[in-house]
Amino acid sequence: MSRSIVIHGHYYQPPREDPWLEEIQLQPTAAPFHDWNERIDSECYRPITAARVLDAGGHIARIVNTLAYTSFNFGPTLLTWMERASPETYDAVREADKVSAARLGGHGNAMAQAYHHTILPLASRRDKTTEVRWGIADFLDRFGRRPEGMWLPETAVDDETLDVLAEEGIRYTILAPHQVTAPPARGLPGLYRTSNGREIAIFVYDGPLSHGIAFGNLLRDGAAWAARLTDGLDEEDAAQDTVQDAATEQPELLSMATDGETYGHHHRFGEMALAKVVDTLERRRDVRMENFASFLARHPARTPVSLVTPSAWSCTHGVERWRADCGCGASTTSPSQQWRAPFREAMQQLADGVHAVFERDASAYFSDPWEARNQYVSDGFAERGLDVRARELLEMERNTLRLFTSCAWFFDDLDRLEPLQIMRYAARAIELAGAEGPALEERLLAHLAEAASSDPDAGTARDIYLRKAKNVSASLAGA
């Protein structure tokens, strides 16, 4: 008996760049680093590409780029920063995909991700399509191949989301156990058929193992983690059965999925435990460390599955964490998350107004404005000789898509970096809207006034916008 093992890491940071300067401002909470991207790069991203494996005497026996042996996706906004600010790490990420593709018959470890970390079931189909196409275009530009799979932000899913993925040529995605009814046995992929008749494979990761990595004690001992992954296997039997009859093969996949920041940022030296697992499993003859694409190539999805929809991996109430006072949060200190609903309503009404401006004004420059938006991040598109106003309109849409970055609603309170970042995107989109900007802002402020922080000193979202987002815009315009 042999076993395929896939360990997936979802590596992501929200876009932190100032929307006027496209540079990250000083973030004191990330001290002693300049900002949180720098800090997490130092604690996690660089270490996972050069993780130490120690011998019995505690000496370094091997340095492992763990990404060459584990499935992974990096958010496009994070890779955009990394390419400029941490080029050695960026090159190691891309090299890991090449090495794994060479080892696994052309199926690289990297997966794509929908571009902005948007909760896709809450987005319109038009916005879903743009986010997926931007994610594919970014992946193709960085990794030199089309993606086979795509990670859904927060694994948030509904039928239309999977229909868009299938329409754009994505072959598989990954979901949590509670998101699929009756997943196939032995970790095999399920076959989902959308309401429009399109098909896509769904891999369901092992819940207890994934929880043990992220929140349990598996990262305290890499050898114990590896032993748990090989429980029930007999290496000697596998060695004797080197030629296996394909007709009698019973494939088995054991897969895990966690936030990549687990390794080194959330758990110090977690990358070393991961490297120990890689080193141990790579030496065994009864284990195949691979990725979902290589497994799917040998074992196509055949068992039909149904969705629990809408759903996500980090909310027990569907996708309410990103629009309601559902109780899901990072802590239990906040007495209320009632700010979430009016804050989302504020951003949605602004987006609707901006989209109307774009559709009307961009028609003067593009035969199909929405297709022009779909192509905006494609290689070479941004370098085309666009009229200044045409570029402004596309940038207005880019900032509008940024409004729904999931992190703004993920935590417990309004007075944080993440909601502030969203409000700065709102101020920039309003600025680019031109003559209709003031009316759009007036309606936005009315909705923001209904979203109150739990901290009385912080006030409402309207107060925060005027104090920390609008003032930044005004000061830059004056400069």
Worksheet entry | N109 side chain vs A68 backbone, donor-acceptor pair below 3.5 Å | yes

Fill in: Listed partners of H265 passing side-chain contact (heavy atoms from CB on, under 4.5 Å), at least two apart
W36, I40, E43, C44, E261

Item to complete: Would you check if T173 and Y192 make a side-chain contact, meaning some heavy-atom pair closer than 4.5 Å?
Response: no

Discussion item. Do Q421 and T405 pair up side chain to side chain, a donor and an acceptor below 3.5 Å, judged on atom types alone?
Written reply: no

Practice prompt. Apply the test salt bridge (charged side-chain N to carboxylate O under 4.0 Å, His left out) to residues E371 and R133: give CA-CA distance (whole Å), side-chain angles for both, the deciding distance (0.1 Å), then the verdict.
Written response: CA-CA 10 Å; E371 184 58 29; R133 288 192 183 178; 3.0 Å; yes

Discussion item. Main chain of E199, side chain of R193: is a donor-acceptor contact present, judged purely on distance under 3.5 Å?
Written reply: no

Practice prompt. List for me each residue that meets side-chain contact (heavy atoms from CB on, under 4.5 Å) alongside R416, sequence neighbours excluded, and say none if there are none.
Written response: F411, E418, P419

Worksheet entry | Rounded distance (nearest 0.5 Å) linking atom CD1 of I213 with atom NE2 of H266 | 13.5 Å

Item to complete: Please name the pair of heavy atoms, one in S71 and one in N291, separated by the smallest distance, quoted to 0.1 Å.
Response: CB-CB, 4.2 Å

Worksheet item: Within the side chain of D55, is there an N or O that forms a donor-acceptor pair under 3.5 Å with the backbone of H59?
Response: yes

Item to complete: Output yes when R94 and D91 qualify as a salt bridge under the 4.0 Å nitrogen-oxygen rule, no when they do not.
Response: yes

Discussion item. Is it true that Q25 and R424 share a donor-acceptor pair across their side chains at a distance under 3.5 Å?
Written reply: yes

Worksheet item: Is it true that a side-chain atom of Q337 and a backbone atom of C328 form a donor plus acceptor pair closer than 3.5 Å?
Response: yes

Discussion item. Tell me which one of R142, E95, R84 satisfies side-chain hydrogen bond (donor to acceptor under 3.5 Å, both in side chains) with Y90.
Written reply: R142

Item to complete: Please round to the nearest 0.5 Å and tell me the distance separating atom OG1 of T129 and atom CG of L120.
Response: 10.0 Å

Worksheet entry | Taking every non-hydrogen atom, the tightest pair across C407 and P14 | SG-CB, 3.7 Å

Practice prompt. Please list all pairs passing the ring-ring contact (aromatic ring centres under 6.0 Å, His included) test where one or both residues lie in residues 130-149, with sequence neighbours left out.
Written response: Y115-W134, H116-W134, F139-F143

Worksheet item: So, Y12 versus H117, ring centres under 6.0 angstrom or not?
Response: yes

Worksheet item: More than 12 non-hydrogen atoms from neighbouring residues, nucleotides or ligands closer than 6.0 Å to CZ on R52, yes or no?
Response: no

Fill in: Crowding at CZ, R198 (>12 non-hydrogen neighbours, <6.0 Å)
yes

Discussion item. Under 6.0 Å from the ring centre and within 45 degrees of the ring axis: does the NZ or CZ of R344 meet both conditions for the six-membered ring of W409?
Written reply: yes

Item to complete: Dump the intermediate steps for side chain to side chain contact (heavy atoms under 4.5 Å, CB included) on D18 and E23, then the final yes or no.
Response: CA-CA 5 Å; D18 177 277; E23 295 288 344; 5.8 Å; no

Worksheet entry | Pairing of R298 and E290 as salt bridge, 4.0 angstrom limit | yes

Worksheet item: Do the side chain of S86 and the main chain of M82 share a donor and acceptor less than 3.5 angstrom apart?
Response: no

Practice prompt. Any chance you could measure Q13, atom CD, to E38, atom CD, to the nearest 0.5 Å?
Written response: 12.5 Å

Fill in: Test item: N399 side-chain N/O and E395 main-chain N/O as donor-acceptor pair under 3.5 Å
yes

Response to the item:
CG of L152 to OG1 of T161, rounded to nearest 0.5 Å, is 6.5 Å

Practice prompt. Kindly indicate, with the supporting measurements, whether the criterion side chain to side chain contact (heavy atoms under 4.5 Å, CB included) is fulfilled by L394 and F366.
Written response: CA-CA 11 Å; L394 288 167; F366 307 107; 3.8 Å; yes

Worksheet entry | The single option from W313, Y11, Y172, F74 passing ring pair (Phe, Tyr, Trp, His ring centres under 6.0 Å) against W151 | W313

Practice prompt. Dump the intermediate steps for side chain to side chain contact (heavy atoms under 4.5 Å, CB included) on L191 and R302, then the final yes or no.
Written response: CA-CA 6 Å; L191 180 65; R302 293 191 174 93; 5.9 Å; no

Practice prompt. Look up atom CD in E397 and atom NE2 in H355, then write down how far apart they are to the nearest 0.5 Å.
Written response: 5.0 Å

Worksheet, complete the sentence: What one should report as the nearest heavy-atom pair of M256 and S210 is CA-OG, 3.4 Å

Discussion item. Any heavy-atom pair between the side chains of T262 and L274 that's under 4.5 Å?
Written reply: no

Worksheet entry | Plane angle bin for F292 and H8 - parallel if under 30°, tilted between 30 and 60°, otherwise perpendicular | tilted

Worksheet item: Any idea which heavy atoms bring D159 and T194 closest together, and the distance?
Response: OD1-CA, 3.3 Å

Worksheet item: If only atom types and distance count, is the side chain of S42 paired as donor or acceptor with the main-chain N or O of R39 below 3.5 Å?
Response: no

Discussion item. To the closest 0.5 Å, what do you measure between CD (E17) and CD1 (I24)?
Written reply: 4.5 Å

Discussion item. Looking at S311, is its backbone amide N or carbonyl O close enough to the side chain of Q179 to form a donor-acceptor pair, meaning the two atoms are under 3.5 Å apart?
Written reply: yes

Discussion item. Test your reading of the model: is there a side-chain donor-acceptor pair from K128 to the backbone of A123, 3.5 Å cut-off?
Written reply: yes

Worksheet item: Should N374 and T130 be marked as a side chain to side chain donor-acceptor pair (under 3.5 Å) after you check the CA-CA gap, both sets of side-chain angles, and the distance that decides it?
Response: CA-CA 5 Å; N374 286 340; T130 298; 2.6 Å; yes

Worksheet item: Could D279 and R62 be called an ion pair, given the rule that one side-chain N must be under 4.0 Å from one carboxylate O?
Response: yes

Discussion item. The test is side chain to side chain contact (heavy atoms under 4.5 Å, CB included); show your working for T66 and E271 and say whether it passes.
Written reply: CA-CA 8 Å; T66 62; E271 82 284 352; 5.6 Å; no

Fill in: Any donor-acceptor N/O pair, H178 side chain to A312 backbone, under 3.5 Å
yes

Worksheet entry | Lys/Arg-Asp/Glu bridge criterion (N-O < 4.0 Å) met for E252, R3 | yes

Worksheet entry | Heavy-atom pair with the smallest gap, counting every atom of A96 and F72 | CB-CE2, 4.3 Å

Worksheet item: Below 4.5 Å, heavy atoms only, C-beta onward: do P369 and F358 meet side chain to side chain?
Response: yes

Worksheet item: How close do L233 and R284 get, heavy atom to heavy atom, and via which atoms?
Response: CB-NH2, 4.0 Å

